[in-house]
Participant: 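Below you'll find the structure I mean.
Just the heavy atoms: all of them, side chains too, but no hydrogens, waters or symmetry mates, feed the values below.
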Amino acid sequence: MSTMNRKLMESITDKMFDRSEIECLIREFYALLGEQTAHGKAVPGLDRGKFRSVLHHAFDITDDIIMDGVFRTFDKDNDGYLSVREWIAGLSVFLRGTLDEKIKYCFTVYDLNNDGYISRDEMFHFLKNSLTSQPNEEDPDEGIMDLLEMTLKKMDHDHDGKLSLMDFITAVKEENLLLEAFGQCLPDLTVFNDQFCSSTLQKSQ
């Protein structure tokens, strides 16, 4: 590891990763970054496209809107790139987060316009993406609307027609399976492959 990366590793601490894991994640970050440039200049971090490739190939997350939402939760300064610190902090929750951390993370992914609520329109979009319509269905949207109403009945504790973070927390604490109610935004560790430090990270789980 270079002197620069060693100093970086010493300056980064994380409650979920030990030093060897942080070193692995820093190496992986710079391997992914490679010679990325934009308009002829070196870029400050991983861009959305490179990050989506990681989500797809290493964690089997394939929905475009979900992948954009995951990127948004990692990119804390909203500059369109992930710094190495954002990368490690994001992966800490993504791979090892507590239930409370994962609830807040999933809610943020589903809150597409970042207004603090998962609206009916946002729910409809996710539910429609997750269902495959049958060829003989006259109105496939009708089935989605029925599912949406059932979801609201189950999760909308204050009955205002949308889900606040508190609604989401309460519903998931009552039934953990609702954590990814609107689509997969956490990794499928059963397909976690060797492309991504898997032997190092899985060893200590």
Side-chain angles (χ1 to χ4, degrees), residues 1-2 4-5 8-9 11-12 14 16-17 21-97 101-102 104-115 118-119 121-132 179-202:
M1 177 172 272
S2 71
M4 181 183 74
N5 284 357
L8 177 61
M9 188 184 78
S11 72
I12 294 176
D14 185 273
M16 297 299 179
F17 296 132
E21 291 170 331
I22 290 172
E23 181 179 345
C24 176
L25 292 172
I26 290 172
R27 279 201 311 267
E28 186 69 29
F29 177 85
Y30 284 108
L32 287 165
L33 192 60
E35 299 299 321
Q36 263 194 159
T37 61
H39 311 297
K41 296 181 180 179
V43 296
L46 288 182
D47 65 20
R48 188 181 302 268
K50 191 75 68 123
F51 182 70
R52 283 166 59 116
S53 179
V54 172
L55 291 178
H56 189 155
H57 297 294
F59 299 111
D60 202 33
I61 294 176
T62 58
D63 182 271
D64 288 338
I65 304 299
I66 293 279
M67 287 193 284
D68 282 344
V70 176
F71 182 85
R72 190 178 68 251
T73 67
F74 275 56
D75 183 20
K76 297 298 185 188
D77 61 6
N78 299 308
D79 69 347
Y81 295 95
L82 301 186
S83 69
V84 67
R85 292 177 188 278
E86 287 174 328
W87 165 253
I88 291 170
L91 287 172
S92 177
V93 174
F94 188 69
L95 293 171
R96 303 272 179 82
E101 288 172 329
K102 288 180 176 178
K104 289 176 183 175
Y105 158 83
C106 290
F107 181 86
T108 303
V109 171
Y110 300 141
D111 178 14
L112 295 177
N113 62 2
N114 203 31
D115 67 350
I118 305 172
S119 68
D121 285 345
E122 288 166 336
M123 281 183 263
F124 182 85
H125 168 82
F126 286 119
L127 292 171
K128 186 171 185 176
N129 263 16
S130 66
L131 294 177
T132 305
L179 180 62
E180 294 183 276
F182 304 111
Q184 182 197 349
C185 54
L186 288 164
D188 179 356
L189 295 178
T190 63
V191 298
F192 191 30
N193 66 37
D194 289 334
Q195 172 188 332
F196 191 85
C197 292
S198 60
S199 58
T200 301
L201 293 175
Q202 288 182 325

Participant: Starting at OG of S83, measure out to CG of D77 and round the result to the nearest 0.5 Å.
Facilitator: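 Interatomic distance, S83 OG to D77 CG, rounded to 0.5 Å: 6.5 Å.
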
Participant: What's the shortest heavy-atom distance between C185 and E180, and which atoms?
Facilitator: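 Looking at all heavy atoms of both residues, the closest pair is N-OE2, 2.7 Å.
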
Participant: Let me confirm one number: the OG1-CG distance from T108 to N114, rounded to the nearest 0.5 Å.
Facilitator: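 Reported value, rounded in 0.5 Å steps: 7.0 Å.
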
Participant: For K104, enumerate each residue passing the side-chain contact (heavy atoms from CB on, under 4.5 Å) test, keeping only those at least two apart in sequence or located in another chain.
Facilitator: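 Testing K104 for side-chain contact (heavy atoms from CB on, under 4.5 Å), a comparison that skips the adjacent residues, returns L165.
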
Participant: With rounding to the nearest 0.5 Å, note down the distance linking CD in E21 to CD1 in I26.
Facilitator: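 With rounding to 0.5 Å, CD (E21) is 12.0 Å from CD1 (I26).
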
Participant: Given the rule in the side-chain contact (heavy atoms from CB on, under 4.5 Å) test, do F59 and V70 qualify, once you have shown the distances and angles that lead to the verdict?
Facilitator: CA-CA 12 Å; F59 299 111; V70 176; over 6 Å; no

Participant: Would you sort out whether F74 and L46 count as a side-chain contact (heavy atoms from CB on, under 4.5 Å), showing the intermediate values?
Facilitator: CA-CA 11 Å; F74 275 56; L46 288 182; over 6 Å; no

Participant: Do D75 side-chain atoms and G80 backbone N/O form a donor-acceptor pair below 3.5 Å?
Facilitator: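 Yes, the answer is positive, given that a donor and an acceptor are paired below the 3.5 Å cut-off.
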
Participant: Would you name the heavy atoms of F29 and V84 that are closest together and state the gap between them?
Facilitator: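 Shortest heavy-atom separation between F29 and V84 comes out as CZ-N, 3.5 Å.
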
Participant: Restricting to side-chain contact (heavy atoms from CB on, under 4.5 Å), what partner residues turn up for E101, sequence neighbours left out?
Facilitator: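 Expected list: K15, M16, V93, T98.
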
Participant: Taking atom CG of L33 and atom OH of Y81, what is their separation to the nearest 0.5 Å?
Facilitator: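 Reported to 0.5 Å precision, the distance equals 10.0 Å.
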
Participant: Compare every heavy atom of I66 with every heavy atom of V109, then report the nearest pair and how far apart it is.
Facilitator: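 That would be CG1-O, 4.0 Å.
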
Participant: Not counting sequence neighbours, which residues clear side-chain contact (heavy atoms from CB on, under 4.5 Å) with A181? List them please.
Facilitator: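 Expected list: M155, L178.
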
Participant: Show, in sequence, the C-alpha distance, side-chain angles and deciding distance for E122 and Y110, and conclude whether the side-chain contact (heavy atoms from CB on, under 4.5 Å) test is met.
Facilitator: CA-CA 7 Å; E122 288 166 336; Y110 300 141; over 6 Å; no

Participant: Measure up the F126 and F182 rings against each other and bin them: parallel (under 30°), tilted (30 to 60°), perpendicular (over 60°).
Facilitator: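 Correct class here is tilted.
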
Participant: For residues M67 and I61, report the shortest heavy-atom separation together with the two atoms involved.
Facilitator: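 M67 and I61 have their closest heavy atoms at SD-O, 3.4 Å.
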
Participant: The criterion is ring-ring contact (aromatic ring centres under 6.0 Å, His included); which residues satisfy it with F71, sequence neighbours excluded?
Facilitator: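 Result, ring-ring contact (aromatic ring centres under 6.0 Å, His included) vs F71: F51.
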
Participant: Could you pull out the closest heavy-atom pair between L186 and F94, with the gap in Å?
Facilitator: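 It is CD2-O, 3.9 Å.
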
Participant: For the CG atom of L55 and the CZ atom of R48, what is their distance to the nearest 0.5 Å?
Facilitator: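 Nearest 0.5 Å value for the CG-CZ distance: 11.0 Å.
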
Participant: Check side chain to side chain donor-acceptor pair (under 3.5 Å) between D64 and all other residues, then give those that pass, not counting sequence neighbours.
Facilitator: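 Only R52 meet the side chain to side chain donor-acceptor pair (under 3.5 Å) criterion with D64.
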
Participant: For F107, what residues pass the ring-ring contact (aromatic ring centres under 6.0 Å, His included) criterion, not counting sequence neighbours?
Facilitator: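 ring-ring contact (aromatic ring centres under 6.0 Å, His included) list for F107, sorted by chain: F168.
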
Participant: Would you give the length of the straight line joining atom CD of E86 to atom CG of L91, rounded to the nearest 0.5 angstrom?
Facilitator: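 These two atoms lie 11.5 Å from each other.
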
Participant: Return the minimal non-hydrogen interatomic distance between L32 and K50, and the atom names on each side.
Facilitator: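 Taking L32 first and K50 second, the nearest heavy atoms are O-NZ, 2.9 Å.
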
Participant: Of all residues at least two apart in sequence or in a different chain, which pass the salt bridge (charged side-chain N to carboxylate O under 4.0 Å, His left out) check with R72?
Facilitator: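 Expected list: none.
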
Participant: Under the side chain to side chain donor-acceptor pair (under 3.5 Å) test, which residues partner D111, sequence neighbours left out?
Facilitator: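 Here no residue qualifies.
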
Participant: List in chain and number order the residues that pass side chain to side chain donor-acceptor pair (under 3.5 Å) with S92, two or more places apart in sequence or in another chain; answer none if no residue qualifies.
Facilitator: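 Per chain and number, S92 pairs via side chain to side chain donor-acceptor pair (under 3.5 Å) with D14.
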
